[in-house]
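Reviewing the structure listed below.
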6 protein chains.
Amino acid sequence: MSPDSVDGAPPASSDRPAALRILIVNPNTSAEMTADIATAAAHAAAPSTEVRCVSPDAGPQTIEGVTDETLAAAYTVELLAGERDGYDGYVIACYGDPAVTACRELLDAPVVGIAEASFHMACLVAHRWSVITLLPRLRSVLGDLILRNGLERRCASIRSVSTGVGVAGPEVLEALLEEARRAVRQDGGEAILLGCAGLGPIAEQMRESLDVPVLEGVACAVTLVEALAGCGLRTSKAGAFAAPLAKPFHGATPNLSLLYAGDR
Amino acid sequence: MSPDSVDGAPPASSDRPAALRILIVNPNTSAEMTADIATAAAHAAAPSTEVRCVSPDAGPQTIEGVTDETLAAAYTVELLAGERDGYDGYVIACYGDPAVTACRELLDAPVVGIAEASFHMACLVAHRWSVITLLPRLRSVLGDLILRNGLERRCASIRSVSTGVGVAGPEVLEALLEEARRAVRQDGGEAILLGCAGLGPIAEQMRESLDVPVLEGVACAVTLVEALAGCGLRTSKAGAFAAPLAKPFHGATPNLSLLYAGDR
Amino acid sequence: MSPDSVDGAPPASSDRPAALRILIVNPNTSAEMTADIATAAAHAAAPSTEVRCVSPDAGPQTIEGVTDETLAAAYTVELLAGERDGYDGYVIACYGDPAVTACRELLDAPVVGIAEASFHMACLVAHRWSVITLLPRLRSVLGDLILRNGLERRCASIRSVSTGVGVAGPEVLEALLEEARRAVRQDGGEAILLGCAGLGPIAEQMRESLDVPVLEGVACAVTLVEALAGCGLRTSKAGAFAAPLAKPFHGATPNLSLLYAGDR
Amino acid sequence: MSPDSVDGAPPASSDRPAALRILIVNPNTSAEMTADIATAAAHAAAPSTEVRCVSPDAGPQTIEGVTDETLAAAYTVELLAGERDGYDGYVIACYGDPAVTACRELLDAPVVGIAEASFHMACLVAHRWSVITLLPRLRSVLGDLILRNGLERRCASIRSVSTGVGVAGPEVLEALLEEARRAVRQDGGEAILLGCAGLGPIAEQMRESLDVPVLEGVACAVTLVEALAGCGLRTSKAGAFAAPLAKPFHGATPNLSLLYAGDR
Amino acid sequence: MSPDSVDGAPPASSDRPAALRILIVNPNTSAEMTADIATAAAHAAAPSTEVRCVSPDAGPQTIEGVTDETLAAAYTVELLAGERDGYDGYVIACYGDPAVTACRELLDAPVVGIAEASFHMACLVAHRWSVITLLPRLRSVLGDLILRNGLERRCASIRSVSTGVGVAGPEVLEALLEEARRAVRQDGGEAILLGCAGLGPIAEQMRESLDVPVLEGVACAVTLVEALAGCGLRTSKAGAFAAPLAKPFHGATPNLSLLYAGDR
Amino acid sequence: MSPDSVDGAPPASSDRPAALRILIVNPNTSAEMTADIATAAAHAAAPSTEVRCVSPDAGPQTIEGVTDETLAAAYTVELLAGERDGYDGYVIACYGDPAVTACRELLDAPVVGIAEASFHMACLVAHRWSVITLLPRLRSVLGDLILRNGLERRCASIRSVSTGVGVAGPEVLEALLEEARRAVRQDGGEAILLGCAGLGPIAEQMRESLDVPVLEGVACAVTLVEALAGCGLRTSKAGAFAAPLAKPFHGATPNLSLLYAGDR
């Protein structure tokens, strides 16, 4: 069978902008986690992509429940209300995707959460996949998130260890590996998703110890923003993500004042 | 709010290979459609990505139903059984994703179908999206495909015009636009997915006439293969996509003989 | 058939506290809407129930999208972090149930959102029901909320008029009635849920013009808090709604400082 | 943050009737269970509510399967066909909700089954909940009931002991507690629903031994009828629950004769 | 391609009993409908099958709602409790499948309802199918039934005319045809299911006027009982359909006395 | 209760053809399996039914994954394109239902896959059922197939042993029995479906060792084809299963040439 071959010539005709600028927000206030996220992003991004990684200067140091997330989401919105220009795409780097919907309203360039990014990428390499997260209480949060993304049938299981966010060390790695192996053997998980933005530093070690794909959300989100840019795609403003309406806002910060003045 | 900023330095540390090689298969035997697919791929791919576009030398000229698809899927498998090495990823360029599961068994590098690619990318820019395809009979095929991908709740509607695949012209564009507008206004579709591999040439015109994102599957699939490569991800072999078992195969072609000899 | 009758003697043995204290939060900053909510609550509550209705002193004047909701949710959490004692139950009076999950973590007494309250009550008087809300963009927000509550199959439709929150008048009533009638006739809605906290003042007029049950969320939520109290039920702390963990919080207000000190 | 407070004045303006009259039907013929149900109702009802508890004078002594339920449902309909006036609401007190749909057709005042009542109330205090019932064979009956109510995703598990209805004693309590603890620890149940009308007498003991909410259906249903009354809600007659059509009925009892004469 | 052919020799080795005996119950008391059902069964059954068609001597003359159905179900159980032997299979011939679950508990030989029979048969000849029934109020009953059978995604629509059961005539035929054509053209129904046991007499006329398969439930159920017998299949007693437990039954008829004595 | 009895007289009025002709295709090339399938069919079919059993002369000897299935499906289509006349119905005898949709397009007479046949028949004798198949990798294939059939809620579990297709012997029987017993005891399976076309020879032994119904797919499919014939039902051509469109086909075999010439 001699295939009918056509040589594409992408260098001549690629529609891509020469360099992409991506802004990543770590919604919590841990500088260490922000640095880890920046490193994970740098490894995954194309050489020509510029990545900037920021976090709000107020809010909880870690996000380990819905109260934390509710507060961090507001600080994230406040921060991004002041960064509405100058980027080709945005990443929200907390594995609960806080504020992602609000930021899609707020911004024109595409916004990708690291959890949803890992869900969609996992669907391309595994029939069903498992998430390993840090605290048992986060399992129901992630279950709701997967449901809202519409992918609950693709999720084999959500497992957790019992370590708080930001507490690392060899025994955490071992506990995560143990749950990952259970997910593969008992639940039918064919890929492992790391369910916390702070797990980038141990992703490589997990990959070496498991023989299934291991997905780290920051890498997934950054490369998906690049893919969206390659397709010329921006957030739809035709329905759920239409821009916020101008209105009185009591006690607004400067960023929010500008936003709610409808000033665009 | 002065954000706690960290400058990522991707040029220094990107893990990406210098250049990616992607093989795209058009499962039908229309040389014209193969050329159109190659063009769409070239526009979306990164400048450093090499894309080769092939099609089987036997099979139906267009794929307009499940019989066509069943036969074309087998020719696609036969073709790719002879191309198991030398590529960083594969794209199956027919908007029914024929043979994608088989090819995930067959190949180690990632395989992406253009329909599933558009579904997942659409989820990142729209709350719910609509597919516009060519023949009414394809609606149930696509409905099943979306269900199998687990994304039926994200799909606002599947609409069709009444034109066969490969029959283009201004009136087809107009008919597609009319259905797309109905999808947006009546069904709540916030993005439009072009439900045929051969619609690349009119994607730009549709974009100009609609104020919602328009997704063309070949572009989505090529950039998703790049994204998977950026994350170092390959198909999981731990379950659904384990390699085919060696076994007697009556009347095998050379490619299939090699495959079924378990020769790897 | 002479039924085997048993006369219960509730006055003698009722376990109910003599009087309930319920705190209602209007998450937006419209004093007019807060007053309307208080009125609706007073009509529905038992004579012995004390209802207090408050709103944050910062935030958007109306909640008409997810950005508004994300910000108002944080202000609601901040407000309730200072009201953790002294009430038998709490009502969040915005028809998107912002901050309800966070408040269930935060508080021990039961928390009920007015949207979920209307969904559950509607299930007891109608096989399927329809929500009528104010802005088309809120339809996808409510769709996600109903899904997260698990009741999407009980929802016949979500319809909207095109009026902003807080803009009332006879023509809004007429538009709402028109959509309600369509919901009954075309969608199979057997009850109508008023999809905004500010619609209490016209609920009675809608009831007079429609021959199906009309559910107003504030009334539903207040009476459900009374029902929960009658059963001695409080929020489960065994999983999703465990109390927030103590942790550093940059830039905390006094209420949040107390909360994150883990001081209980 | 000094909240913008509004003092509702419910004593002055409550729309509630001075006293509610609720009729509870125990669909089986066990006088002991009828008495237990009356006691549970009396504890939960408001002091001003009058509760009457009756049972048919024919039918199975316990309801432990669908044959039992099918027969008891008919006797329940026959009984309530003669009690169509004089009550503000009705409760069907068997944890399979037999005849609830028929009674919604039959009666104008609201009808609440004890199982559905517990499902809806549990959703307000727990993310997911578990039902503990008496016989393994009832698990599939309850699974179908939860599905029909649309709440299957909120149900963490349905567990059973192996004791027939009406057989109580310390070892039954211990067996129920053991299954309840498994539901919490292994299944993610955050509240326990007692899956039989006859378990009221041990509800308090279960509450003392478990640290999650325990829901007893009779209490839930009675307080929900009060809540519906507080909101002025009655069963919708616009669709599924329209009144039965007049027609010839062979061998009708006096109650059914009256009903089928269309005499209203 | 010369197929590798094997000639089965069924006449020599068929395991089928020489003749099957099937009992059909019409749960209502209309003798005319019982006769029509017997005719439909006779046309579909194999020549060697013996069919007996009966109805209870008490109950509503037609079944047009859930009250009717609840009462008729009990009479059906009472009737079949006296016919537990002598048949190879049973058919419940009312298109709401009343009492089918109870009868599966009661009887050892297979029991098939005419609605579920038509659902399953339709799945073999159509991707999605539509039910046309008589009264609008039956649509929600049938929707629940399809859901309970697990086939809601295979159902394209449930449509109704506005004619009571038992009222036939040319204008009813025309109204049914009009809804059937709408189901095919607008809803994607690829087969039409006649949603009432009394529509057998006009099935042939509908077939002649429509170019999609028309399924009449009595024929479907009778031939499915034959198919079950051909496979040697009887109702599983391992879970949901275990035999009723012996117990006191107040006011039992002779049939029920025998049943509840546990006498088998 | 003296039932109102009507004696149907089927021998006089049965519409059935005197004898049915059914063609069964074994999609793999194992002559031994073809013979086993023919035997299973002969036992289940009515004495008057003629069954012919064939297999393609090319393709994999067993079907143990999706690559095998994709190739075998094409050979099955090729074979049946030459057998479009002369049969009252067709059975595809591989427990993955390969090519069933294509064959419904291709043929006018009804087509039944042995897996779907067993799913539908099982629903008539069990509330939920379990499939026992041979290789772990087939579980996800069967899961997708059940989902596409719409019956995932009726499926209690899919279990597998670790034996390749075609490898029989006493230890395989024992392993299958062990998994079947686990399905009944642990998963709530009330019937066991044999998940491979080659298990007919041990079906009887499994039946003797289990006290739940055991369904063998070939028997189910053959008797369902008879049932469809008894009802006069053929595949709907109104949507998903419309005949393939005529078109150029490169490298067509004679059967496919005829098919794609649109020659009918």
Side-chain angles (χ1 to χ4, degrees), chain B residues 28-30 55-78 81 98-106 135-141 143-145 147-148 150 164-166 238-245 247-252 256 259-260, chain F residues 28-30 55-78 81 98-106 135-141 143-145 147-148 150 164-166 238-245 247-252 256 259-260:
Chain B
N28 72 33
T29 56
S30 159
S55 70
D57 58 5
Q61 190 158 16
T62 55
I63 298 178
E64 300 174 316
V66 178
T67 302
D68 299 351
E69 189 176 304
T70 301
L71 295 164
Y75 289 109
T76 298
V77 164
E78 205 282 338
V100 165
T101 302
C103 293
R104 286 197 176 123
E105 287 183 1
L106 204 61
L135 290 165
R137 64 186 296 161
L138 296 178
R139 290 201 308 253
S140 58
V141 176
D144 271 7
L145 183 62
L147 178 74
R148 234 160 57 211
V165 173
F241 308 129
L245 299 176
K247 68 184 56 175
F249 192 107
H250 294 245
L256 295 178
L259 175 69
Y260 277 103
Chain F
N28 72 33
T29 54
S30 158
S55 70
D57 57 7
Q61 191 159 13
T62 55
I63 298 178
E64 299 175 316
V66 178
T67 302
D68 300 351
E69 190 177 302
T70 301
L71 294 164
Y75 289 109
T76 299
V77 164
E78 206 280 340
V100 165
T101 303
C103 293
R104 286 197 176 125
E105 286 183 2
L106 204 63
L135 291 165
R137 64 187 296 162
L138 297 178
R139 291 201 307 252
S140 58
V141 177
D144 272 7
L145 183 63
L147 179 74
R148 235 160 56 213
V165 173
F241 308 128
L245 299 176
K247 68 183 55 176
F249 193 107
H250 295 245
L256 295 177
L259 175 68
Y260 277 102

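All of these numbers come straight from a predicted model, not from anything done at the bench. Naming: A, B, ... by sequence-line order, numbering from 1 per chain.
Each of Ala73(F), Ala81(F), Ala242(F) has some count of heavy-atom pairs under 4.5 Å with chain B, and the biggest count is that of Ala242(F). Interface remark: of the candidates Leu147(B), Asp144(B), Asp68(B), Thr101(B), Asp68(B) forms the most heavy-atom pairs closer than 4.5 Å to chain F. The most heavy-atom pairs under 4.5 Å with chain B, out of Pro248(F), Gly59(F), Pro244(F), come from Gly59(F).
No part of Ala252(B) comes within reach of chain F, as not one of its non-hydrogen atoms sits under 4.5 angstrom from that chain. Contacts between Leu138(B) and chain F at a heavy-atom distance below 4.5 Å are absent for every atom of the residue. Proximity to chain F (any heavy atom under 4.5 Å) is restricted, for Ala243(B), to the backbone atoms N, CA, C and O. Residue contact with chain F, scored on non-hydrogen atoms closer than 4.5 Å, involves the side chain of Val77(B) exclusively. Neither the backbone nor the side chain of Pro136(B) comes within contact range of chain F, judged by heavy atoms closer than 4.5 Å. For Ser140(B), the part sitting under 4.5 Å from any heavy atom of chain F is the side chain, from C-beta outward, and nothing else.
A pairwise comparison of heavy atoms in Ala58(F) and Gly251(B) identifies CB-CA, 4.5 Å as the closest pair. The nearest pair of heavy atoms linking Lys247(F) to Pro60(B) is CD-CB, 4.0 Å. Counting all heavy atoms, side chain and backbone alike, Glu105(F) lies closest to Val66(B) at OE2-N, 2.6 Å. For the residue pair Asp57(B) and His250(F), the shortest heavy atom distance occurs at O-CB, 3.6 Å.
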### Thr62(F) and Leu245(B): CA distance, side-chain angles, deciding distance, side chain to side chain contact (heavy atoms under 4.5 Å, CB included) verdict
CA-CA 10 Å; Thr62(F) 55; Leu245(B) 299 176; over 6 Å; no

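Although no hydrogens or angles enter the test, the distance criterion places a donor-acceptor pair under 3.5 Å between the side chain of Thr67(B) and the main chain of Ala102(F).
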